[in-house]
Amino acid sequence: MGERRSREDRIAADLESIAAQLREGEATLYGYEVDLDAAGRVQRGGITCADGWFAFEFDERRKP
């Protein structure tokens with residue numbers, strides 16, 4: 001279980017660093033939303049930052 005916690009801690013630290021870079025104007029956000037009618041939407045994109053490229057997808061579709 002310790003190995004999993006280390007991985008989660010590392011990802012959290014990376015996300016905190018990326019968020020700080022976005023707030024300070026040192027990273028650039030690229031993204032778009034895809035509307036899926038009544039089902040909701042999906043947001044996709046990426047962020048260029050000091051560590052490279054961070055890609056993301058937020059699935060906001062309503063689950064049945």
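As the structure is a computational prediction, the values presented were derived from the model and not from experiment. Side chains included, hydrogens not; waters and symmetry mates left out as well; all remaining heavy atoms used.
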- Query: With sequence neighbours left out, what residues match Gln43 under side-chain contact (heavy atoms from CB on, under 4.5 Å)?
  - Reply: Glu33, Arg41, Phe58, Glu60
Return a table of donor-acceptor pairs under 3.5 angstrom between the side chains of residues 12-19 and protein atoms on other chains or two or more places apart.
residue, atom, partner, partner atom, Å
Asp14, OD1, Arg10, NE, 3.2
Asp14, OD2, Arg10, NE, 3.3
Ser17, OG, Gln21, NE2, 3.1

- Item | Val42 reachable from Tyr32 in the ILVMFWY side-chain graph, under 4.5 Å edges | yes
- Message: Do Leu22 and Ile47 make a side-chain contact, defined as non-hydrogen atoms from C-beta onward lying under 4.5 Å apart?
- Response: yes
- In Å and rounded to the nearest 0.5 Å, what is the CH2 to OH distance from Trp53 to Tyr30? 7.0 Å
